[in-house]
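Worksheet: the structure to be examined is printed underneath.
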Amino acid sequence: MTTPHTAPPAAAAAAAVPDTPMAAKPSLLRLDPAARRVRRTELWLLLLAMAMVAGYLAAVEANMLDTVTMDFWYPAGVLTAVFLALHVVIRLRAPFADPVLVPTVALLNGLGVAFLRRLDLGRAKIDERPELAIFAGDGGKQLLWTLIAVTGAMVLLWFVRDHREVSKFAWTLGLAGIVLVMLPAVLPGSVSEVNGAKLWIRFGSFFAIQPGEFAKLMLLAFFAYYLVRKREVLALASRRFLGIDFPRGRDLGPVIVVWAMSLLVLIFEKDLGTSLLYFGMFVVTLYVATERVSWLLIGLVLFAGGAVLAYVLAGAVGGPFTNFGQRVDIWLDPFADPYVRGWQLTQSLMGLGTGGMFGTGPGAGNPLLVPEVRNDFIFAGMGEEVGLFGLTALLALYLLVVSRGLRAALAVRDSFGKLLAGGLAFTLALQVFVIIGGVSKLIPLTGQTTPFLSAGGSSLVANWLLVALLLRISDAARTPASTGGVRR
Amino acid sequence: MNAPLRRVGVVVMVLFGLLFANLNWVQAYKGNDYRTSPYNGRVQIDEYDRQRGYIMVSNPGSKPVALSTATKGNLKYLRSYPAGAAYAHVLGYKPVNGSATGVEQLENDILSGTSDKLFADRLRDIFTGSHTAGGNVTLTLSKTAQDTAYEQLVKNKLGVKSGAVVAIDPNTGGILAMASFPSFDPNLLVSHDGKADASYKKLEGQAGNPLLNRALQETYPPASTFKVLVSAAALSANKNPDTPLQAGPGYQAPGTSHIIRNATSSTCPEDQVTLKEALTVSCNTAFARLGVELGSQRLNDTARAFGFYDDSLRVGNLSATDRGLRVAESVLGPLTTSSGGDDKPNIAISSIGLNEVRVTPLQNAMVAASIANDCSQMRPYLVERLVGPDLTTGLYSAAPKELRRSCTPSEAAQLREMMVSVVENGTGKSAKISGYVVGGKTGTGTADEEANAGSDGWFIGFAMKDGRAVAAVAVILDDAGKGGSGEAARIAGLVMKGVIEDKGGK
């Protein structure tokens with residue numbers, strides 16, 4: 001299979017219209033009735049989500065200021081405005097896109113902003129709290145980043161009219177992705193190291209980006225393109241061993257390259273989470289492309305072997321493996337050194353445990369006792385205030401986004417789209433698993449952002465681009481064969 | 001490619017299922033453990049969200065000596081001790097990290113509001129959503145006596161660097177004053193700014209160990225104040241104040257070449273003095289010989305009757321005598337040989353309160369208190385009353401308890417007569433209070449009885465009015481040197497005057 005470009009069958013009425021996007025730009029009023037129904041659903045869900053965010057903000061003020069000021073709805077208002085703008089762009093550019101994606105992600109994003117604002121209020125002196133400006137602090141910064149991120153998503157939806165256009169730049173994206181992954185490892189620590197992980201590129205003291213967040217998307221686009229081209233070879237040429245079909249040695253090349261790259265990330269950037277993420281992402285797309293379980297097994301064995309080896313080496317030689325070894329030890333018993341090494345994890349568990357079933361209520365807990373609560377541990381911080389029920393709802397929101405992504409992958413007709421959407425959805429799920437599992441002591445803790453919740457521009461922008469890609473693919477998947485004659 | 005995509009969906013479901021199950025474990029099953037864990041800072045924040053109760057002295061209408069005021073910080077209420085160092089060892093302090101000490105620890109349940117006695121207030125809080133303050137503690141301390149005790153220790157005329165004062169109400173056992181010097185500013189140890197730990201470390205390493213409560217936890221050789229106990233032992237052996245004792249300038253106990261001498265050559269050089277005279281001038285040779293004659297058994301029995309060898313004594317709340325401020329054990333040291341017979345050389349030196357005899361200032365005050373109260377030794381205590389947050393609801397009121405009988409009332413009267421003679425005619429003249437009958441005994445000495453330089457200065461005594469005891473006191477000036485016991489007597493007189501002043505002269 002070469003570059004996948006087989007346009008969906010156009011309807012009879014559409015046959016006369018050439019595939020020129022600008023020629024028949026539909027107005028809002030002239031949407032297909034089916035699309036209009038879908039978009040109306042999206043609009044109401046979005047408004048509902050924003051009402052919940054406003055409710056959360058109001059509850060925070062009631063608990064922290066003992067009164068609800070008239071400012072509580074400003075952040076919710078700004079968010080509503082920017083998401084409505086996105087909604088309009090979707091109406092124009094992806095009218096059949098999944099109506100659940102944007103409201104769900106908007107709710108997560110909005111709750112993240114609200115919680116970060118709540119942390120700002122907690123840090124402020126009591127009598128200064130009512131004067132906290134809307135764009136001040138982490139919450140305000142996150143609000144600004146949301147504007148930028150959603151604008152990025154709108155730009156992507158506006159200009160990338162067909163997800164297959166992405167595959168044209170696959171090699172460029174792949175190369176750029178690898179460069180971005182490697183960059184922080186090569187750069188001096190003063191520029192790239194934050195809290196022991198070399199993941200950053202810092203511009204001065206006020207602005208830093210995490211190139212890995214973008215590299216993730218670029219590499220995935222490249223994987224999807226590469227595997228769609230190679231899938232037959234990978235799937236058919238094999239040797240049978242122990243009842244399982246194994247691929248030929250030379251076809252293993254790229255897998256080994258990616259595996260080695262993840263290990264390099266692990267060692268030089270001291271970041272197990274990201275390395276696990278890249279590797280999992282690649283193995284799963286490989287499996288989906290080839291439909292061969294053997295790839296999953298090879299991947300699992302390589303990863304498990306690598307992890308065990310790294311832990312053994314941490315004890316035996318130390319050096320670059322020490323960090324990993326310590327993390328595993330902390331995971332095994334965080335209370336062995338509760339005040340120093342185990343501090344982050346024990347405090348995270350204290351926050352979660354204090355929340356219990358129902359939580360203390362927004363603004364009524366003490367999430368600032370959890371270290372790094374604005375980034376890695378935001379889920380634990382929220383867990384104290386929204387409880388098990390609230391966290392379960394947050395998990396359900398993530399699951400909803402992932403399942404909608406997978407659904408788009410199932411429904412879209414081209415292989416590239418399937419792989420890309422499937423890969424994006426799984427990557428999101430894996431990232432959520434790695435960080436939430438980490439802060440709740442299910443797996444060893446590795447630094448990752450919690451998608452859409454954590455403070456941080458790079459993560460927010462990259463994840464909104466991911467959502468835009470899913471929207472684009474789901475629009476392609478859900479566009480009926482007869483759309484009233486317009487191929488957008 | 002749809003079949004593997006569906007399987008990926010299943011994998012995602014499994015991953016999220018694991019997250020969900022684990023959150024149930026952490027938040028629901030283990031939630032309570034984590035909520036109340038000592039590593040959980042929220043426990044502390046909750047504690048500081050409730051205004052801790054007052055600690056007050058017995059003087060009606062006087063300002064609290066420990067109180068909590070609202071701040072704008074994360075931990076809401078800040079504890080403060082307006083009277084500072086003078087009360088530090090009694091009150092203790094309630095630090096942000098670590099456990100409280102002193103009365104702050106003893107009555108923590110009442111002060112913090114978690115006591116069962118305050119259940120009604122907690123129940124009301126659940127409905128009103130407010131945080132009612134903790135209960136309040138009133139101590140037995142007499143403000144003027146306590147202030148005087150600490151001030152006089154600090155400003156003593158000899159420039160002594162350490163010492164202690166204990167004053168007791170002999171009728172009840174209530175502690176009227178308890179001061180230890182050097183002391184510390186407890187306000188530094190309860191601050192919320194994170195400097196408290198550093199302040200503690202600094203105090204811990206400081207010369208003179210200001211954190212130590214010398215009144216209860218340090219033992220000293222009682223020196224000549226111990227002659228009161230030897231006198232009590234003699235009375236129990238059917239002697240009386242007029243019984244003649246053999247004195248003289250020197251005494252050599254059987255089985256040793258060591259000669260015990262008197263403090264000065266003008267002290268009891270005559271061959272014979274009465275017991276009363278011997279105590280009045282503090283005659284070493286008479287008491288050393290008397291002790292050997294009485295024997296180890298009688299000395300030990302008398303010492304026990306006055307409170308020696310009691311390591312279970314706690315000073316605090318009479319309703320729970322197993323809790324409270326710990327008191328070091330006072331001992332006589334070995335008085336017998338390995339074969340079980342009397343070790344006469346040791347008994348001779350021990351009888352003048354040296355060798356290995358060790359007492360706490362409290363124990364020595366209790367000896368004086370018992371004698372003042374007809375040898376009914378009352379259990380010492382600090383907590384007079386507990387009241388609710390409204391300052392009116394009574395939760396507890398101390399009912400004084402007899403701890404032990406030290407001797408018979410007639411023996412007590414004889415001991416008082418002899419001790420009054422000490423203040424009237426002998427070594428303790430500085431303790432006199434006009435209008436009151438004051439009795440006492442001075443003491444000067446170290447482990448080496450002849451080295452007056454660098455020795456401790458002691459005074460124990462009591463004040464009576466109309467046959468009724470007003471106060472008993474013990475004062476020690478550590479390493480006071482010459483004039484130490486006189487200065488101790490002067491301070492003791494002032495402290496007892498403070499008690500009298502607070503009682504309105506009664």
Side-chain angles (χ1 to χ4, degrees), chain A residues 122 125-127 231 284 287-293 296 335 338-339 342-343 346-357 359-360 365-366 368-369 383-384 387-388 391-392 395-396 398-399 402-403 406-407 409-410 415 418-419 421-422 425-426 429-430 432-433 436-437 440-443, chain B residues 1-49 69-78 96-98 128-131 192-194 197:
Chain A
K125 294 201 180 85
I126 287 177
D127 48 354
R231 60 191 289 241
V284 165
Y287 164 64
V288 172
T290 58
E291 309 197 9
R292 296 285 286 274
V293 184
L296 277 185
F335 291 94
Y339 291 114
W343 181 247
T346 53
Q347 289 310 302
S348 172
L349 292 174
M350 297 301 148
L352 286 168
T354 303
M357 299 280 274
T360 58
N366 291 290
L368 286 166
L369 294 180
E384 181 185 351
L388 176 61
L391 289 192
T392 307
L395 279 185
Y398 281 121
L399 195 56
V402 173
S403 70
L406 286 176
R407 187 188 269 205
L410 285 171
S415 306
K418 273 183 192 300
L419 270 185
F426 180 76
L430 193 59
V432 168
F433 178 77
I436 295 180
S440 61
K441 197 178 159 310
L442 179 64
I443 56 170
Chain B
M1 296 206 277
N2 280 1
L5 274 172
R6 286 202 173 84
R7 270 179 227 126
V8 169
V10 172
V11 169
V12 169
M13 288 301 290
V14 169
L15 291 180
F16 274 68
L18 285 171
L19 286 179
F20 176 65
N22 185 54
L23 283 176
N24 272 279
W25 171 259
V26 170
Q27 293 201 276
Y29 184 78
K30 298 271 281 178
N32 214 32
D33 291 358
Y34 291 140
R35 206 170 298 131
T36 55
S37 162
Y39 303 120
N40 194 336
R42 293 164 192 81
V43 175
Q44 193 174 60
I45 288 175
D46 281 353
E47 191 185 349
Y48 277 82
D49 224 28
T69 43
T71 66
K72 289 185 168 151
N74 200 13
L75 300 179
K76 191 170 174 195
Y77 284 99
L78 175 69
V96 173
N97 297 312
T128 60
S130 62
H131 277 247
H192 298 179
D193 55 10
D197 288 351

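As the structure is a prediction and not an experimental result, all values here were calculated from the model. All chains are named by letter (A, B, ...) in the order of the sequence lines, taking the proteins before the strands, and each is independently numbered beginning at 1.
Taking the six-membered ring for Trp and thresholds of 30 and 60 degrees, B/Tyr39 and A/Tyr339 have ring planes more than 60 degrees apart, a perpendicular arrangement.
Counting heavy atoms from C-beta outward, A/Leu395 and B/Phe20 have side chains that approach closer than 4.5 Å.
A pairwise comparison of heavy atoms in B/Asn22 and A/Ser440 identifies ND2-O, 2.7 Å as the closest pair. Contact record, A/Leu430 with B/Leu15: CD1-CD1, 4.3 Å, taken as the closest heavy-atom pair. The heavy-atom pair separating A/Lys441 from A/Leu349 by the smallest distance is CD-CD1, 3.8 Å.
Of the atoms belonging to A/Val288, heavy atoms from both backbone and side chain fall under 4.5 Å from chain B. Proximity to chain B involves both the backbone and the side chain of A/Leu442, based on heavy atoms less than 4.5 angstrom apart. Residue B/Asn24 touches chain A through both its backbone and its side chain, counting heavy-atom pairs closer than 4.5 Å. Looking at B/Ile45, only its side chain comes within 4.5 Å of chain A, counting heavy atoms on both sides. For B/Lys72, the parts lying near chain A are the backbone and the side chain together; criterion is any non-hydrogen pair under 4.5 Å. Contact annotation for A/Ser403: neither backbone nor side-chain heavy atoms come within less than 4.5 Å of a heavy atom of chain B. Residue B/Asn40 touches chain A through both its backbone and its side chain, counting heavy-atom pairs closer than 4.5 Å.
Heavy atoms of other residues, nucleotides or ligands lying less than 6.0 angstrom from CZ of B/Arg42 number more than 12.
In terms of heavy-atom pairs under 4.5 Å with chain B, the best-connected choice from A/Leu399, A/Leu406, A/Val402 is A/Leu399. No other option in A/Gly365, A/Ala409, A/Gly355, A/Gly422 has as many heavy-atom pairs under 4.5 Å with chain B as A/Ala409. Ranked by heavy-atom pairs shorter than 4.5 Å toward chain B, the options A/Gly387, A/Ala425, A/Gly359, A/Ala421 are led by A/Gly387. The candidate with the highest count of non-hydrogen atom pairs below 4.5 Å against chain B, out of A/Leu296, A/Leu368, A/Thr392, is A/Thr392. When each of A/Trp343, A/Tyr398, A/Tyr287, A/Phe426 is checked for heavy-atom pairs under 4.5 Å with chain B, A/Tyr287 comes out on top.
Using modelled atom types, one side-chain atom of A/Lys418 and one backbone atom of A/Leu410 make a donor-acceptor pair closer than 3.5 Å.
For the atom pair CG (A/Leu352) and CD (B/Gln27), the distance works out to 5.0 Å, reported to the nearest 0.5 Å.
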